[in-house]
Amino acid sequence: MAKKTTVYDIAKELNITVSTVSRALNNISTISESTRKAVIETATRLNYRPNKIASSLTSGKTYTIGIIVPSAQVQFFASVIHALETHLKSFGYSILLYQSNESFISEKNGITTLLEAQVDGIVASMSLETKDPSHFEKVKEEGKPLIIFDRTHDDLQCAMVKIDDLHAGYLATKHLLDAGYRKIAYITTKHKIKIFKERYDGYLRALQEAGLPANPGYTIAGELNVEGGYRGTHELLKFRERPDAIIGGDDYVALGIIKALHDKNIAPPEIGVIGFANQNFSEHIIPSLSTIDQQALKIGKECAKMFLKIIEQPLSARTEQKPVVIEPLLLARESTNRKK
């Protein structure tokens, strides 16, 4: 077995002290640029790999952050992870990813698993099943930064990064109203998640501003997936006075809406369709899907910046972080383009 290179080997090679090598590798400002460069070049040539366990015992940090998301297969969450990891990597951090698969039990297990792995903090988006967020308190009790993004909860006081979901729902509805639609239906999730309630409240606000009543029968609460959109649309099409536009709780729901309309030989924008999240497929289906962009890359970067800000503060000096609220963006495409 080949001998593993240590800081002692680098020090011997350069005829400098071990402490100088250590400070150079950790980019301490008291080390000259020429010495730091020589240490880095020698470490690379000798195939040196730092001992993270030993480093963590000295610094109290593992330089690893835990990420919990409902599913990394969903483009929105994948984009958040990508932006977060890219930003943290430049500060020497790596990530440990845990998928809850929209399960409350799995999410609780994820918290335990990541804390046992000694991560320096946790960034998470809650599962659809999560009603009681008290399991996240364990992170705060251990003095580690906790940042919740997208799916936040009023009962959990911690750092948060999200879009303005009330405005997102308003923006989607106002776009349909501006396009001339008046009988606007809404298919959302049956789960009581704050962001989906806020989007629905935005929908109601836009209707109220336009002087239009909200038809209770035009609201369908089901599953937040393609099948949920498909089934909900078939229910709506049974009405004698059917809706002339439908908002999907996310782009997958909207995809199910379009699929159901095709069953009835209806092609949007005859009935307008809009979703949320700007998934990868949204601009490539026929017709292309109008959607609200949740700015996933910006959310990921803001989560990383907030984590770094908190972790650099002494535990005793940490203060409550003001939530970061990002503006959603309307992407108008063919599914609502009546002019075309």
Side-chain angles (χ1 to χ4, degrees), residues 24-29 36 40 43-44 49-50 52 55-56 59-100 107 110-111 113-115 117-126 136 139-140 142-152 156 158-165 168 195 276-280 292-315 317-329:
L25 290 172
N26 287 290
N27 204 24
I28 303 300
S29 58
R36 191 190 70 81
I40 296 299
T44 302
R49 292 181 180 178
K52 282 200 168 186
S55 297
S56 68
S59 67
K61 296 180 182 179
T62 61
Y63 285 89
T64 304
I65 183 169
I67 314 293
I68 300 177
V69 294
S71 173
Q73 287 186 314
V74 175
Q75 174 64 28
F76 168 73
F77 293 117
S79 295
V80 171
I81 294 166
H82 172 74
L84 192 152
E85 182 180 25
T86 299
H87 191 77
L88 287 177
K89 192 178 290 183
S90 61
F91 291 87
Y93 283 89
S94 56
I95 68 168
L96 280 179
L97 177 62
Y98 193 100
Q99 299 180 81
S100 69
E107 183 177 274
I111 293 290
T113 299
L114 292 174
L115 289 178
Q118 299 297 312
V119 294
D120 292 335
I122 290 179
V123 176
S125 188
M126 296 183 191
F136 284 101
V139 184
K140 296 164 64 179
E142 293 199 12
K144 299 177 185 292
L146 171 65
I147 300 162
I148 300 295
F149 74 92
D150 187 43
R151 300 180 188 174
T152 60
L156 184 61
C158 66
M160 295 182 183
V161 180
K162 64 190 290 294
I163 66 165
D164 184 341
D165 286 291
I195 65 168
F276 294 90
N278 191 28
Q279 301 291 350
N280 272 351
I292 301 297
D293 191 326
Q294 295 175 236
Q295 300 218 62
L297 295 176
K298 193 168 184 178
I299 287 177
K301 186 174 182 179
E302 289 296 331
C303 285
K305 287 165 63 178
M306 188 172 282
F307 166 77
L308 292 168
K309 179 182 177 182
I310 297 171
I311 199 71
E312 289 305 316
Q313 296 173 343
L315 189 57
R318 288 179 189 172
T319 56
E320 186 175 329
Q321 298 296 311
K322 185 178 179 181
V324 173
V325 181
I326 297 167
E327 285 300 304
L329 301 175

Original post:
What's the spacing between N280 CG and F76 CZ if we round to 0.5 Å?
Top reply: 13.5 Å
**OP:** Please lay out, stage by stage, how L146 and L156 fare under the test side chain to side chain contact (heavy atoms under 4.5 Å, CB included).
**Re:** CA-CA 10 Å; L146 171 65; L156 184 61; 4.2 Å; yes
Subject >> Minimum-distance pair of heavy atoms, taken over all atoms of Y63 and G92 >> reply: CB-O, 3.5 Å
Original post:
What residue pairs, at least two apart or across chains, pass salt bridge (Lys or Arg N to Asp or Glu O under 4.0 Å) with a residue in residues 142-151?
Top reply: E102-R151
Subject >> Residue pair Q99 / A72: nearest heavy atoms and the distance that separates them >> reply: OE1-N, 2.8 Å
Original post:
Only one of L114, I111, V119 clears side-chain contact (heavy atoms from CB on, under 4.5 Å) with V139; which?
Top reply: I111
Original post:
So, E107 side chain and S100 main chain: donor-acceptor pair closer than 3.5 Å or not?
Top reply: no
Original post:
Who are the side chain to side chain contact (heavy atoms under 4.5 Å, CB included) partners of L297, not counting sequence neighbours?
Top reply: S79, H82, A83
Original post:
Do I65 and L88 come close enough that some side-chain heavy atom pair is under 4.5 Å?
Top reply: yes
Subject >> F149 backbone acceptor or donor facing S125 side chain under 3.5 Å >> reply: yes
Original post:
Which value, rounded to the nearest 0.5 Å, describes the distance between F136 atom CZ and I148 atom CD1?
Top reply: 4.5 Å
**OP:** Over 60° means perpendicular and under 30° means parallel, so classify the ring planes of F307 and Y93, tilted if in between.
**Re:** perpendicular
**OP:** Taking salt bridge (charged side-chain N to carboxylate O under 4.0 Å, His left out) as the test, write out the residues that go with K305, two or more places apart.
**Re:** E302
**OP:** Starting at CG of N278, measure out to CG of D293 and round the result to the nearest 0.5 Å.
**Re:** 4.5 Å
**OP:** Evaluate side chain to side chain contact (heavy atoms under 4.5 Å, CB included) for V74 paired with Q279, printing each intermediate quantity in order.
**Re:** CA-CA 8 Å; V74 175; Q279 301 291 350; 3.4 Å; yes
**OP:** Find the distance between SG (C158) and CD1 (I310) and round it off to the nearest 0.5 Å.
**Re:** 8.5 Å
Subject >> Partners passing salt bridge (charged side-chain N to carboxylate O under 4.0 Å, His left out) against K301 (at least two apart in sequence or in another chain) >> reply: none
Subject >> Atom NZ of K309 with >12 non-hydrogen neighbours under 6.0 angstrom >> reply: no
Original post:
Any donor and acceptor pair, going by atom type alone, linking the side chain of D120 with main-chain N or O of T62 inside 3.5 Å?
Top reply: yes
Subject >> Derivation and outcome, side chain to side chain contact (heavy atoms under 4.5 Å, CB included), residues I163 and I195 >> reply: CA-CA 9 Å; I163 66 165; I195 65 168; over 6 Å; no
Original post:
Quick one: side chain to side chain contact (heavy atoms under 4.5 Å, CB included) partners of D164, sequence neighbours excluded?
Top reply: L166, H167, V325, E327, P328
**OP:** Please report the closest heavy-atom contact between L25 and A43, naming both atoms and the distance.
**Re:** CD2-CB, 4.3 Å
Original post:
Which residues satisfy the salt bridge (charged side-chain N to carboxylate O under 4.0 Å, His left out) test with K89, sequence neighbours excluded?
Top reply: none
**OP:** Please report the C-alpha distance between L97 and I68 in whole Å, then the side-chain angles of each, then the deciding distance to 0.1 Å, and finally whether the side chain to side chain contact (heavy atoms under 4.5 Å, CB included) criterion is met.
**Re:** CA-CA 6 Å; L97 177 62; I68 300 177; over 6 Å; no
Original post:
Which heavy atom in Q321 sits nearest to a heavy atom in A159, and how many Å separate them?
Top reply: CB-CB, 4.0 Å
Original post:
Less than 4.5 Å apart, any side-chain heavy atom of L115 and any of I122?
Top reply: yes
**OP:** Give the minimum heavy-atom separation between A168 and F276, together with the two atoms involved.
**Re:** O-CE2, 3.6 Å
